[in-house]
Amino acid sequence: MALVLDGNNLLTSGVINSMTAQNASGTYVDFTGIPVGVKRVVISFYNVQKSGTTNNLLQLGTSSGVVTSGYTGRTVYSGDSATVSLTSTSGFLTSAGDAASTCLVSGNSTLMNITGNTWVFSVTGSRTESSYSFQGGGYVSLSSPLSRIRFTTSSGSDTYSGGVINVFYE
């Protein structure tokens with residue numbers, strides 16, 4: 001197994017690194033300190049609950065801050081005889097068709113560094129209070145290397161009141 005020294009971070013090739021899991025609270029959850037050279041990032045979320053009906057949103061960031069524009073993608077949810085397709089240019093939708101307060105959302109989002117600072121996104125998950133599931137994909141090109149992940153809502157003002165989020169990288 002090859003070792004790669006990158007700045008102050010020692011990465012082991014082929015090993016999945018885990019950040020510290022965080023309880024979902026406030027208007028967003030940030031994960032910082034993602035090392036330069038990472039090729040894959042997985043964001044896992046379990047029973048995330050929030051006020052309001054806006055959807056969960058994943059935003060990437062660089063050393064300059066969180067990127068809030070330039071995203072291309074689509075997330076589709078289906079169930080209970082309904083199918084809805086949603087888009088956002090301010091981040092990747094990590095859920096769709098969320099209901100207020102009773103909605104517990106769980107799933108995994110994957111980011112792959114395809115070339116340079118361009119990241120390809122995919123998500124799958126479900127809402128626990130109904131038979132809804134969702135999936136989606138997209139991409140974004142950053143101006144410099146990825147160093148942070150923000151889990152927030154499409155309104156930016158709904159508050160999280162439960163659940164766990166964690167980030168894994170390799």
Side-chain angles (χ1 to χ4, degrees), residues 2-46 48 50 54-77 85-96 98 105-125 134-160 163-170:
L3 295 179
V4 179
L5 184 59
D6 183 30
N8 295 325
N9 302 295
L10 183 63
L11 301 176
T12 306
S13 178
V15 172
I16 298 173
N17 299 279
S18 175
M19 300 191 96
T20 301
Q22 296 187 43
N23 292 320
S25 65
T27 56
Y28 61 86
V29 177
D30 276 352
F31 291 88
T32 59
I34 296 170
V36 172
V38 165
K39 296 296 182 192
R40 179 168 58 165
V41 179
V42 175
I43 302 90
S44 292
F45 44 101
Y46 168 71
V48 172
K50 61 181 171 38
T54 61
N55 298 300
N56 292 305
L57 194 69
L58 189 69
Q59 294 176 317
L60 309 188
T62 67
S63 59
S64 300
V66 175
V67 175
T68 60
S69 64
Y71 296 84
T72 300
R74 178 172 307 279
T75 298
V76 176
Y77 77 93
S85 177
L86 303 169
T87 63
S88 172
T89 59
S90 60
F92 296 125
L93 290 167
T94 58
S95 66
D98 290 356
V105 178
S106 299
N108 287 301
S109 296
T110 302
L111 298 165
M112 293 293 294
N113 178 239
I114 193 158
T115 185
N117 294 316
T118 300
W119 291 85
V120 173
F121 161 82
S122 65
V123 63
T124 58
F134 54 89
Q135 58 279 334
Y139 67 91
V140 67
S141 293
L142 304 176
S143 61
S144 56
L146 174 71
S147 66
R148 65 185 70 208
I149 303 283
R150 174 168 286 177
F151 197 94
T152 188
T153 64
S154 55
S155 72
S157 60
D158 286 346
T159 56
Y160 290 108
V164 177
I165 305 166
N166 201 0
V167 170
F168 305 88
Y169 62 87
E170 59 183 317

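- Contact detail for Val140 and Gly70: the closest heavy-atom pair is CG2-O, 3.7 Å.
- Of all the heavy atoms in Ala24 and Ile165, the pair that sits closest is CB-CD1, 4.1 Å.
- A donor-acceptor pair under 3.5 Å is absent between the side-chain atoms of Tyr28 and the main chain of Tyr160, judged by distance alone.
- Looking at Thr94 and Asn56, their side chains never bring a donor and an acceptor atom within 3.5 Å of each other.
- To the nearest 0.5 Å, atom OG1 of residue Thr62 and atom CZ of residue Arg148 are 7.0 Å apart.
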Using residues 33-45 as the side-chain source, report each donor-acceptor pair under 3.5 Å to any protein atom, sequence neighbours left out, with the distance given to one decimal.
{"residue": "Lys39", "atom": "NZ", "partner": "Asn113", "partner atom": "OD1", "Å": "3.2"}
{"residue": "Arg40", "atom": "NE", "partner": "Glu170", "partner atom": "OE2", "Å": "2.7"}
{"residue": "Arg40", "atom": "NH2", "partner": "Glu170", "partner atom": "OE2", "Å": "2.1"}
{"residue": "Ser44", "atom": "OG", "partner": "Asn108", "partner atom": "OD1", "Å": "2.5"}

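- Residues Asn166 and Met19 form a side-chain contact, since some pair of their non-hydrogen atoms from C-beta on lies under 4.5 Å apart.
- If you take CD on Gln135 and OG1 on Thr75, they are separated by 8.5 Å, rounding to the nearest 0.5 Å.
- Listed by first and then second residue, the salt bridge (charged side-chain N to carboxylate O under 4.0 Å, His left out) pairs involving residues 66-77 amount to none (not counting sequence neighbours).
- Closest approach of Asp30 to Gln22, counting heavy atoms only: O-NE2, 2.8 Å.
- Between the CG atom in Leu57 and the CZ atom in Phe151 there is a gap of 9.0 Å [rounded to 0.5 Å].
- The NZ atom of Lys50 lies 13.0 Å from the OG1 atom of Thr27; values are rounded to the nearest 0.5 Å.
- Across all their heavy atoms, Asp158 and Ser155 have their closest contact at N-OG, 3.3 Å.
- For Tyr71 against Leu60, the heavy-atom pair with the smallest separation is OH-N, 2.8 Å.
- Annotation for Ser63 and Ser147: closest pair N-OG, 3.3 Å, computed over non-hydrogen atoms.
- Of the inter-residue distances, the one linking Leu93 atom CG with Ser154 atom OG reads 6.5 Å to the nearest 0.5 angstrom.
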Inset, instruction - Test side chain to side chain contact (heavy atoms under 4.5 Å, CB included) on Leu111 and Tyr169 and set out the steps. - result: CA-CA 9 Å; Leu111 298 165; Tyr169 62 87; over 6 Å; no
Just distance, no hydrogens or angles: give the donor-acceptor pairs under 3.5 Å from side chains in residues 115-124, sequence neighbours left out.
{"residue": "Thr118", "atom": "OG1", "partner": "Ser141", "partner atom": "OG", "Å": "2.8"}

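- Annotation: the span from Tyr77 atom OH to Asn55 atom CG amounts to 8.0 Å, rounded to 0.5 Å.
- Tyr139 is not listed as a side-chain neighbour of Ile114, based on a closest heavy-atom distance of 4.5 Å or more.
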